[in-house]
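Reviewing the structure listed below.
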There are 2 protein chains.
Amino acid sequence: MRPTVHDIAERAGVSLATVDRVLNDRPGVRGVTRAKVEAAIVDLGYVRDVAAANLAKSRVYPLVFILPEGDNPFMRGLEDEVRRAGAHSLVERTQLSVVTVPAFDGSALAREIDSAIERAVAGIAAVAVDAPEVLAAIGRAREAGIPFVTLVSDLANSGRDHFIGVDNIAAGRTAGSLMGRFLGQRPGPVAVLAGSMRVRDHGERLEGFLAAMSAMPVSRAILPVLEGQDDPELSFRLIAECLAEVRDLAGIYSLGAGNRGLVRALAAGTGRNLCVIAHEVTDETRAALEGGLVDAVLNQDAGHEVRSAIRVLRAKADGLPVIAAQERIRLEIFIKDNLPSEPGMDDTPGSAGN
Amino acid sequence: MRPTVHDIAERAGVSLATVDRVLNDRPGVRGVTRAKVEAAIVDLGYVRDVAAANLAKSRVYPLVFILPEGDNPFMRGLEDEVRRAGAHSLVERTQLSVVTVPAFDGSALAREIDSAIERAVAGIAAVAVDAPEVLAAIGRAREAGIPFVTLVSDLANSGRDHFIGVDNIAAGRTAGSLMGRFLGQRPGPVAVLAGSMRVRDHGERLEGFLAAMSAMPVSRAILPVLEGQDDPELSFRLIAECLAEVRDLAGIYSLGAGNRGLVRALAAGTGRNLCVIAHEVTDETRAALEGGLVDAVLNQDAGHEVRSAIRVLRAKADGLPVIAAQERIRLEIFIKDNLPSEPGMDDTPGSAGN
DNA sequence: CATTTTTTGATTTACGTACATCAAAAACTC
DNA sequence: GAGTTTTTGATGTACGTAAATCAAAAAATG
């Protein structure tokens, strides 16, 4: 059975009050007494019952998610997942709130981080922006003892507790390998649709893609990057023009969030049998995958990321260990055949029970 | 703030003791009083604080995992995951135990299920076997109010609470689609290595595979199934013979657990540039994927499955809802480029923090 | 209406921990 | 050794729920 504070008191030959003072770093304990108590804690392998402590303290963990604004379907999906998780989070003593900031706006993000620090939240999860003011704000959060998790987009040397997202270089490389394998001996160049090359994630995906394509047996031209700013209209136009101008185009890699425009252009470009690889399962890419317009979608699971962020922030707030294997976000490859059924359909494969 | 039993008592105009009787279905409450209390519960949106209740009851959830014996690497990995989860499960008031039975032995499995029922465990997770005595044992568990989860291999019409695993027909279809795409125009037949066609899962994977291959533009012969009984030596022999006899072999689909023998035969068959698709990431398939002997591995995450089983059984025991999206096990496609790093290496991609 | 039975309420104890209070004991200082 | 300060212990209350006990109240019965 699990040791309790009573066992520590007995083992160390002190009172409950002294045990409490040691466990909770309260003043008024001599060093020699403290040592006795700490030895007893180790001997007994005592682990605090966090649920009991939370009950005693009526504790609630306010967590804030800071996400970019805009109509990026992946980010909107991420927001939906946070809101969905927040709907019944009080049962788990967690209070989720979502704050949005203009996409790529480092100073707005830094301001929201400071605002969250001011409110003394239990943890912060944010989609990072590569800016010095964000770096400094993360530092301040950590100094205030607030756990910080970067989500989807990391920030190196920021002191954040954990990054929850995929390795973008590996993502690009995976796209390149698949593209090469799917195209096989078929000749023709490949186009790349990005949001903006100023975004580090997009740069990394391109880097990985180029590396993998260049390792393929068949040498193949990669056209200059089309920067669609993740805007559906602009992306549509760029791809439509590319389809019109490049008669022997073999494939398209969409590494950003301009997929709505891409899918529209593909649907309009009748009879072009291209190999298309995109990122993130959204309504558009799901339909395109099922309809055969897109060959593979590389995905990171927004639901898993949100749950992971909550778990990590909770664990850090409680001073508990994080299960690394559970919190590692995998880069998923979906083709038509292994695409999970639509969210909202609750049937388990082979479902025959309650 | 969350309503408590005190709020219910006040709202219904009764005492705490009466609220307790209604909440816990204890005798001694008139129908009219019960209705008042139940109305108050609904009005207030009261949800039991399970952590507080567990503390009051000193509750521990004993859960049992019944797994097949043998040197099937996936099943041994599954067992490792259960044992790893069990190492610190008492903190979460869960007590995991593992019981192994001879593989495919329905009566041994039924006996262990009944033994677990006898011990009044809080939940049972088992790799199912298609046998009437197993079906009956699951029924008995459910009648005893013990939640039951089938793991990896389902059993239709068994009344189990949940299946945790992948859709094997979709798995086979995925393998077929990938094989077809990777082979492209390249001519030559494809071999299939199975454990035993008596196993329903293996039959389903083959079914899916054949369906996908027949939908490919290039018509291709599928050789008669090689049944290696998931035995490394037999599998090695069958594949080695196949390599020797079929000079124009284009690909191999390994749908069972004979991958150790397969990889050995591939490594010995120098210069054969085959497209190979296997199931489950194990030490052998990981090395083969990284070394280029295998082109893709279709995987189900054992760690996720174990955590999911625990969560589902806990939720069922508490009468709480299961988050369908979290508990859906995805069929993962791994190529060399998106293979997660080795377990035991705890680094997060882009890791720059604590 | 009297008697019996059932229901209800008040209360206590328990779980493990947090936190506060104050008197008594121990340690420290001169 | 006396006076002061610090440490320690005993105790109580709190969190939300479970569960038991028994007297009082309400309901049912004849």
Side-chain angles (χ1 to χ4, degrees), chain A residues 1-41 44-61 90-95 122 317-320, chain B residues 1-41 44-61 90-95 122 317-320:
Chain A
M1 201 51 232
R2 294 177 64 186
T4 69
V5 285
H6 295 274
D7 302 312
I8 299 174
E10 188 176 334
R11 182 77 166 231
V14 301
S15 70
L16 263 187
T18 301
V19 171
D20 172 77
R21 289 184 185 112
V22 172
L23 278 177
N24 295 293
D25 260 318
R26 281 188 249 276
V29 187
R30 285 181 311 157
V32 59
T33 311
R34 174 177 302 271
K36 278 199 300 185
V37 173
E38 284 173 343
I41 290 166
L44 288 165
Y46 170 82
V47 177
R48 193 189 304 257
D49 186 335
V50 173
N54 287 342
L55 177 62
K57 295 194 286 190
S58 302
R59 187 174 186 184
V60 172
Y61 300 76
L90 259 187
V91 172
E92 286 125 28
R93 294 187 177 274
T94 305
Q95 196 168 56
D318 290 332
L320 295 178
Chain B
M1 200 49 231
R2 292 178 65 188
T4 71
V5 284
H6 294 274
D7 302 313
I8 298 174
E10 188 176 334
R11 183 78 167 226
V14 302
S15 71
L16 265 186
T18 302
V19 171
D20 171 76
R21 289 181 185 114
V22 173
L23 278 178
N24 296 292
D25 259 316
R26 281 190 251 275
V29 188
R30 282 182 313 159
V32 59
T33 311
R34 174 178 300 275
K36 278 199 299 183
V37 173
E38 285 172 343
I41 290 167
L44 289 165
Y46 169 82
V47 177
R48 192 188 304 255
D49 185 335
V50 174
N54 286 343
L55 176 63
K57 297 194 285 190
S58 300
R59 186 171 186 187
V60 172
Y61 301 75
L90 260 188
V91 172
E92 287 126 25
R93 293 186 177 277
T94 307
Q95 194 166 56
D318 290 331
L320 295 178

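Naming convention: chains lettered A, B, ... in sequence-line order (proteins, then strands); numbering from 1 in each chain.
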Legend entry - A:Thr33 and A:Val22, any side-chain heavy atoms less than 4.5 Å apart: no

Inset, instruction - Just do the side chain to side chain contact (heavy atoms under 4.5 Å, CB included) check on B:Asp20 and B:Val5 with the steps written out, would you? - result: CA-CA 8 Å; B:Asp20 171 76; B:Val5 284; over 6 Å; no

Legend entry - Rounded interatomic separation in angstrom, taking CG from B:Asn54 and C1' from D:dC15: 15 Å

Inset, instruction - Take the protein atom CD of B:Glu10 and the nucleotide atom P of D:dG16, then report the distance between them rounded to whole Å. - result: 14 Å

Inset, instruction - Decide yes or no on side chain to side chain contact (heavy atoms under 4.5 Å, CB included) for A:Asp49 and A:Thr4, but give the supporting numbers first. - result: CA-CA 8 Å; A:Asp49 186 335; A:Thr4 69; over 6 Å; no

Inset, instruction - Examine D:dG9: is either OP1 or OP2 under 4.0 Å from a nitrogen or oxygen in the side chain of A:Thr18? Give yes or no. - result: yes

Legend entry - Rounded distance in Å - CZ (A:Arg26) to P (D:dG9): 16 Å

Between N or O atoms, less than 3.5 Å apart, protein on one side and nucleotides 14-17 of chain C on the other: list the pairs.
| unit_1 | atom_1 | unit_2 | atom_2 | d |
| --- | --- | --- | --- | --- |
| C:dC15 | O2 | B:Ala56 | N | 3.2 |
| C:dG16 | N2 | A:Ala52 | O | 3.2 |
| C:dT17 | OP1 | A:Tyr46 | OH | 2.8 |
| C:dT17 | OP1 | A:Asp49 | N | 3.4 |
| C:dT17 | OP2 | A:Val5 | N | 2.9 |

Inset, instruction - Return the value, rounded to whole Å, for the distance between atom CG of B:Leu23 and atom C1' of D:dA18. - result: 11 Å

Inset, instruction - Could you tell me whether B:Gly13 contacts a base, only the sugar-phosphate backbone, or nothing, with contacts defined as non-hydrogen atoms closer than 4.0 Å? - result: sugar-phosphate

Legend entry - Exam field: side chain B:Arg2 to backbone B:Val47, donor-acceptor pair closer than 3.5 Å: yes

Legend entry - For the student: nearest non-hydrogen atoms of A:His6 and A:Leu16, plus distance: CE1-CD1, 3.5 Å

Legend entry - Sole candidate of B:Thr18, B:Asp25, B:Val14 that passes side-chain contact (heavy atoms from CB on, under 4.5 Å) when paired with B:Arg34: B:Asp25

Legend entry - A:Glu10, CD: over 12 other non-hydrogen atoms inside 6.0 angstrom: no

Legend entry - Sugar-phosphate or base contact per nucleotide [nucleotides 22-30 of chain D; S, B, -; heavy atom under 4.0 Å]: -----S---

Inset, instruction - Find the distance B:Arg34:CZ to C:dT8:C1' and express it as a whole number of Å. - result: 14 Å

Inset, instruction - Quickly, which of B:Arg48, B:Arg93, B:Arg59 forms a salt bridge (Lys or Arg N to Asp or Glu O under 4.0 Å) with B:Asp318? Name it, please. - result: B:Arg59

